There are 2 protein chains.
Amino acid sequence: MKKSLADRIEQYLKVLIERTDDKQIEIQRSELAETFGCVPSQVTYVISTRFTEFEGYLTESRRGGKGFVRITRYQLEDEENAGRNELMTWIDELLQEKAITASQGEILQHLITCAFKNMPPEYRKHLFKQLRVVLADYTRY
Amino acid sequence: MKKSLADRIEQYLKVLIERTDDKQIEIQRSELAETFGCVPSQVTYVISTRFTEFEGYLTESRRGGKGFVRITRYQLEDEENAGRNELMTWIDELLQEKAITASQGEILQHLITCAFKNMPPEYRKHLFKQLRVVLADYTRY
DNA sequence: AAATATATAGTCAATTAAAGTCAAAGAAGG
DNA sequence: CCTTCTTTGACTTTAATTGACTATATATTT
């Protein structure tokens, strides 16, 4: 099976990310599109389908002059990662059971990703606990 | 990665501020513009977009001869209930503006209530910061 | 003291340079 | 076929930069 353009862009970006020390790159969408000879929105498509929070990536961007797209792969310690995955999975389950709405799931997963990425480890544990409490409240009934 | 002029001016000012003891600097707008080879209003732009109250800065200025712009970084006091109330109010506003859905507001307020009730004060500050980031993400117009 | 000149800083709108959105058309796989 | 994933492009939104014009201090002259 032949690789799609999207696949090739994905691989290209992942190689770039892994090569950096901080697992973070900044690209210009239009420039990358030029490199691959495609429309800029193709890049947006690749990023939104292959660099999701669930897969461990964070993206930020800025429009306008000197705009950019920044992609960060965050790496957590094993234990933290397990905790994060557990929460994410739990949220997915709650979604399945319709215990929470899609938009609630979205904002919670977003919060988890932000928090795990930016919080000092000793605080993550506590946030983690709180999130479990909140989810537990929504689970029982 | 090319930084915009605005980014460079921002960084320059932040370094100056952090170097001082009282986290406060006074500059001359036109002089700084000269340093960076840009128009003075560029400096105004940088200050108004990057040194906002939200980001923890205060600015004052005076026109005319011996004019200046003073930028002060203030420490966010993490008084426990004030932080909680601020977040709650913010969520209400986001609801009004329909930036988030009712169910998202509900789960966030629930989370905040749980978290502030059960978290030791020193952790609250961090959770508070993270929630602000998440909410800021959802605050678009 | 009042009037005038000079030196700053602020405001606002125009221009330009990105990135995002969305839906429709096309391709691949089952 | 039918479904799902990919590709494209027209249109929207946002950020940066600039400059002409305005407002307000201070300094100088009358």
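Below, chain A is the first sequence line, B the second, and so on; all start at residue 1. Keep in mind the model is a prediction, meaning the values are calculated, not measured.
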Donor-acceptor check, side chain of Thr52(B) to backbone of Ser48(B), threshold 3.5 angstrom: yes or no? no
To the nearest Å, give me how far apart CD (Glu34(B)) and C1' (dA7(C)) are. 14 Å
Closest approach to the side chain of Arg63(A), judged atom by atom: which nucleotide of dT18(D), dT24(D), dT12(D) is it? dT12(D)
Under 3.5 Å, is there a donor on one side chain and an acceptor on the other for Thr59(A) and Arg70(A)? no
Which nucleotide in dA16(D), dT18(D), dT6(D) has an atom nearest any side-chain atom of Cys38(B): dT18(D)
Shortest side-chain distance from Ser30(A), nucleotide among dT8(C), dA15(D), dA18(C): dA18(C)
Assign each of Arg50(A) and Val39(A) the nucleotide of DNA chain D bearing its closest heavy atom; nearer the 5' end lies the nucleotide of Arg50(A)
How is Gly65(B) classified with respect to the nucleic acid when contacts are heavy atoms under 4.0 Å: base, sugar-phosphate, or nothing? base
Between Tyr45(A) and dT7(D), is there a contact of a side-chain N or O with OP1 or OP2 at under 4.0 Å? no
Between dA25(D) (P) and Glu26(B) (CD): distance, integer Å: 15 Å
Just how far, in rounded Å, is C1' of dA9(C) from CD1 of Ile71(B)? 13 Å
Check whether any side-chain N or O of Lys66(B) sits under 4.0 Å from OP1 or OP2 of dA27(D), and answer yes or no. yes
Exam field: side chain Thr20(B) to backbone Lys23(B), donor-acceptor pair closer than 3.5 Å: yes
note: Ile9(A), atom CD1; dT8(D), atom P; distance rounded to Å ~ 9 Å
Choose from dT21(C), dA16(D), dC5(D) the nucleotide whose nearest atom is closest to any side-chain atom of Thr44(A). dT21(C)
Side-chain N,O (Arg62(B)) to OP1/OP2 (dA7(C)) below 4.0 Å: no
Could you work out which one of dA19(C), dA9(C), dA16(D) sits closest to the side chain of Gln28(B)? dA9(C)
Rounding to a whole Å, what distance do you find between Glu31(A):CD and dA18(C):P? 9 Å
For Glu10(A), enumerate each residue passing the side-chain hydrogen bond (donor to acceptor under 3.5 Å, both in side chains) test, keeping only those at least two apart in sequence or located in another chain. Lys14(A), Arg50(A)
Of the nucleotides dT21(C), dA16(D), dT7(D), which has the atom closest to the Arg29(A) side chain? dT21(C)
So, does Ser61(B) get its side chain near the phosphate of dG10(C), meaning an N or O under 4.0 Å from OP1 or OP2? yes
Roughly how many Å is it from CD1 in Ile47(B) to P in dT11(C), rounded to a whole number? 12 Å
Counting side-chain heavy atoms from CB outward, which of dT6(D), dT17(D), dA16(D) is closest to Gln42(B)? dT17(D)
If you look at every strand shown and take non-hydrogen atoms under 4.0 Å, does Arg8(B) touch a base, only sugar-phosphate, or nothing? nothing
Nearest whole angstrom, please: distance from the C1' of dA25(D) to the CD of Glu60(B). 16 Å
Output the rounded distance in Å from CG (Leu5(A)) to P (dA27(C)). 14 Å
When all nucleic acid strands are considered with a 4.0 Å heavy-atom cut-off, which category describes Gly64(A): base, sugar-phosphate, or nothing? base
Under 4.0 Å, counting only non-hydrogen atoms across every strand here, what does Ser41(B) touch: a base, just sugar-phosphate, or nothing? base
Between Arg73(A) and Asp22(A), does at least one N-O distance fall below 4.0 Å, as a salt bridge requires? no
Checking Ser4(A) against Asp7(A): is there a side-chain donor and acceptor pair closer than 3.5 Å? yes
